[in-house]
Peer 1: 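Mind looking over this structure? Questions follow.
Note that the structure is predicted; figures quoted are calculated from it, not measured. In what follows, residues are counted from 1 in the order of the sequence shown.
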Amino acid sequence: MRLKELLHYTYIFPVLAVGYYFSGLMGNGVIYDIIAGILLIGSVLSAVHHAEMVAHKVGEPFGTIILALCITIIEVALIISLMVAGGDQAITLARDTVFAAVMLILNGILGICILVGGVKYHEQFFARTSATTYLVSTVSILILTLVLPNFTSSVNGPFYNQAQLIFVSIACLVIYGVFLMVQTVRHRSYFIVPDEHPEAHYIPTLTKTLISFGFLVVCLVIVVLMAKGLSDTIEGMVQSVGAPKSLVGVIIAAVVLLPEGVAAIRAARANQIQSSLNLALGSALASIGLTIPAVSVVCIMYDIPLVLGLDKKDIILLSLSVFIVMLSLSRGKTNILYGTVLLVNLAAYIFTVIVP
């Protein structure tokens, strides 16, 4: 690669962010945290750029799968590290993080994509079979992991016993594994919209693709690490306005999901709503389908109790979100109303976190 290309902001920001994080300057004052926030946002934008480079090379739907899996793996690592460090105080961490991620993706990322696309193009079209495939898998895993624990009787409370936890983890992996096979092999056409101008796309070389993939991983790791490093500052800001501590988890989840969100919104603006759906729904499915089994293994190994069942309020909000998404994607085309309703659902979720 030429020196001019390496001096592009998408290469500079991740390097600066890594150096700044390990310098130990974060948390030493407001100015230092503002600098960290700027570097974090720059790393998010860099991650989107490198994800698009990889996607151009490998094609759809593999490009969106790579981004979703990278972010999910790093999210899992973050949750596990916090749970092991926090012990019994972190028994609800996995549930709250997964629930926040799912609500932000289904209502926030998907809602903004549909609204942005609707404002610019009035209607956008996608394959209904892809949406149905995503939702069938996602709804099943959501019910098994976040709702059913409230209604089992082997142990008291919103818990699974060890045998139940193992069964549900295997069920999640089976559903997600078969979904990946359907998405990439047997029914790949469900998730691809024919490109009318394939010659207009830039196809990077293998070397540039490998470099972009490496920088993509670096960007995602540093985004999560800096979000974790800024968590105390964010918690202080939340407490200063009198909001519940649970809002911190929502903010951290939003930061972690920024690369996916920005990439999905950019695809919607480019009239590629199918790519937006692949990113949003694929991320929601990967987030819950991989996180719960990984966390379950750690909890069994370290004998950490794991609360999975949601309370009644959250079950209602989750049901509303899933129902509205199913209706919005049932016709294979979008408009601004669907996006508006989803964003109102997101506002209701965040409002009830702040004012429970």
Peer 1: Checking Thr129 against His187 for the side-chain contact (heavy atoms from CB on, under 4.5 Å) test, could you report, in this order, the C-alpha distance in whole Å, the side-chain angles of both residues, the deciding distance, and whether it holds?
Peer 2: CA-CA 10 Å; Thr129 47; His187 301 288; over 6 Å; no

Peer 1: Under 3.5 Å, is there a donor-acceptor pair between the side chain of Asn150 and the main chain of Leu310?
Peer 2: yes

Peer 1: Report the C-alpha separation of Val147 and Leu142 in whole Å, then their side-chain angles, then the decisive distance to 0.1 Å, and conclude whether the side-chain contact (heavy atoms from CB on, under 4.5 Å) test is met.
Peer 2: CA-CA 7 Å; Val147 178; Leu142 283 172; over 6 Å; no

Peer 1: What's the shortest heavy-atom distance between Leu327 and Ser330, and which atoms?
Peer 2: O-OG, 2.8 Å

Peer 1: In terms of hydrophobic clustering (I, L, V, M, F, W, Y; side-chain heavy atoms under 4.5 Å; direct or indirect links), are Phe151 and Ile316 co-clustered?
Peer 2: no

Peer 1: Looking only at heavy atoms, what is the nearest atom pair of Ser46 and Thr10, with distance?
Peer 2: OG-CA, 3.3 Å

Peer 1: Return the minimal non-hydrogen interatomic distance between Pro293 and Ile288, and the atom names on each side.
Peer 2: CD-O, 4.1 Å

Peer 1: Is there a side-chain contact between Thr334 and Phe126, using heavy atoms and a 4.5 Å cut-off?
Peer 2: yes

Peer 1: Find out whether Leu106 and Leu342 are in side-chain contact, i.e. whether some heavy atom of one side chain is under 4.5 Å from a heavy atom of the other.
Peer 2: no

Peer 1: Examine distances only and state if a side-chain atom of Ser287 and a backbone atom of Ala284 form a donor-acceptor pair shorter than 3.5 Å.
Peer 2: no

Peer 1: Please confirm whether the backbone N or O of Arg269 pairs with a side-chain atom of Lys120, one donor and one acceptor, at under 3.5 Å?
Peer 2: yes

Peer 1: Would you indicate whether His122, at its atom NE2, is surrounded by more than 12 heavy atoms from other residues, nucleotides or ligands within a distance under 6.0 Å?
Peer 2: no

Peer 1: Where the side chain of Gln124 meets the backbone of Ala268, is there a donor-acceptor pair that is under 3.5 Å apart?
Peer 2: yes

Peer 1: Between CG of Leu257 and CG of Leu279, what distance do you get to the nearest 0.5 Å?
Peer 2: 11.5 Å

Peer 1: Specify the closest pair of heavy atoms between Ile105 and Ala280, including all atoms of both residues, with the distance to one decimal.
Peer 2: CG2-O, 2.9 Å

Peer 1: Compare every heavy atom of Tyr349 with every heavy atom of Thr352, then report the nearest pair and how far apart it is.
Peer 2: OG1-O, 2.9 Å

Peer 1: Got a donor-acceptor contact below 3.5 angstrom from the Ser276 side chain to the Ala264 backbone?
Peer 2: yes

Peer 1: Can you measure from CG (Leu25) to CG (Asp33) and round to the nearest 0.5 angstrom?
Peer 2: 10.5 Å

Peer 1: Kindly check if the number of other-residue, nucleotide or ligand heavy atoms within 6.0 Å of CZ (Phe213) is above 12?
Peer 2: no

Peer 1: May I ask you to decide if Tyr20's main-chain N or O and Ser23's side chain share a donor-acceptor pair within less than 3.5 Å?
Peer 2: yes

Peer 1: Starting from the C-alpha separation in whole Å, work towards a yes-or-no answer on side-chain contact (heavy atoms from CB on, under 4.5 Å) for Thr133 and Gln183.
Peer 2: CA-CA 9 Å; Thr133 306; Gln183 187 182 23; over 6 Å; no

Peer 1: For Met181, look at atom CE and say whether over 12 heavy atoms of other residues, nucleotides or ligands are found less than 6.0 Å away.
Peer 2: yes

Peer 1: Drop me the distance from Glu123's CD to Ile273's CD1, to the nearest 0.5 angstrom.
Peer 2: 12.0 Å

Peer 1: If you compare all heavy atoms of Leu165 against all heavy atoms of Leu306, which two are closest, and at what distance to 0.1 Å?
Peer 2: CD1-CD2, 4.2 Å

Peer 1: Would you say Val344 ends up clustered with Leu317 if hydrophobic residues are merged whenever their side chains have heavy atoms under 4.5 Å apart, either directly or through other cluster members?
Peer 2: no

Peer 1: Taking atom CG of Leu173 as the centre, does the number of heavy atoms from other residues, nucleotides or ligands within less than 6.0 Å exceed 12?
Peer 2: yes

Peer 1: Is any side-chain heavy atom of Leu148 less than 4.5 Å from a side-chain heavy atom of Tyr160?
Peer 2: yes

Peer 1: Applying a strict under-4.5 Å side-chain criterion to I, L, V, M, F, W and Y, I'd like to know whether Tyr11 and Leu206 cluster together.
Peer 2: no

Peer 1: Does the side chain of Arg128 come within less than 4.5 Å of Leu329's, by heavy atoms?
Peer 2: no

Peer 1: Are there more than 12 heavy atoms of other residues, nucleotides or ligands under 6.0 Å from atom OH of Tyr121?
Peer 2: yes

Peer 1: Quick one, Ser140 and Ile175 - any side-chain contact, counting heavy atoms below 4.5 Å?
Peer 2: yes

Peer 1: Under a 3.5 Å distance rule, please check whether Thr97 uses its side chain to pair with a backbone N or O of Ala94 as donor and acceptor.
Peer 2: no

Peer 1: Once rounded to the nearest 0.5 Å, what's the spacing between atom CE of Met226 and atom CE of Met26?
Peer 2: 5.0 Å

Peer 1: So, for Tyr134 and Phe191, is the gap between ring centers shorter than 6.0 Å?
Peer 2: yes

Peer 1: Indicate, with yes or no, if Ile141 and Val136 share a hydrophobic cluster defined by side-chain heavy-atom contacts under 4.5 Å among Ile, Leu, Val, Met, Phe, Trp and Tyr.
Peer 2: no

Peer 1: Any non-hydrogen side-chain atom of Leu110 less than 4.5 Å from a side-chain atom of Leu277?
Peer 2: yes

Peer 1: Test Val297 against Ser169 for side-chain contact (heavy atoms from CB on, under 4.5 Å), laying out the working first.
Peer 2: CA-CA 9 Å; Val297 170; Ser169 299; over 6 Å; no

Peer 1: Do Phe13 and His49 have side chains that approach each other closer than 4.5 Å (heavy atoms only, starting at C-beta)?
Peer 2: no

Peer 1: When rounded to the nearest 0.5 angstrom, what distance separates OG in Ser43 from NE2 in His50?
Peer 2: 9.5 Å

Peer 1: Distance only, no hydrogens: is a donor on one side chain within 3.5 Å (strictly under) of an acceptor on the other, for Ser321 and Asn345?
Peer 2: no

Peer 1: With no hydrogens and no angle check, is any side-chain donor or acceptor of Arg95 less than 3.5 Å from a backbone partner on Gly309?
Peer 2: yes

Peer 1: For the residue pair Tyr176 and Leu285, establish whether any side-chain heavy-atom pair is separated by less than 4.5 Å.
Peer 2: yes

Peer 1: Return the CZ to CG distance between Phe125 and Asn271, rounded to the nearest 0.5 Å.
Peer 2: 9.5 Å

Peer 1: Cluster question for you: counting only ILVMFWY and a side-chain heavy-atom cut-off of under 4.5 Å, with indirect links fine, are Ile300 and Leu144 together?
Peer 2: yes

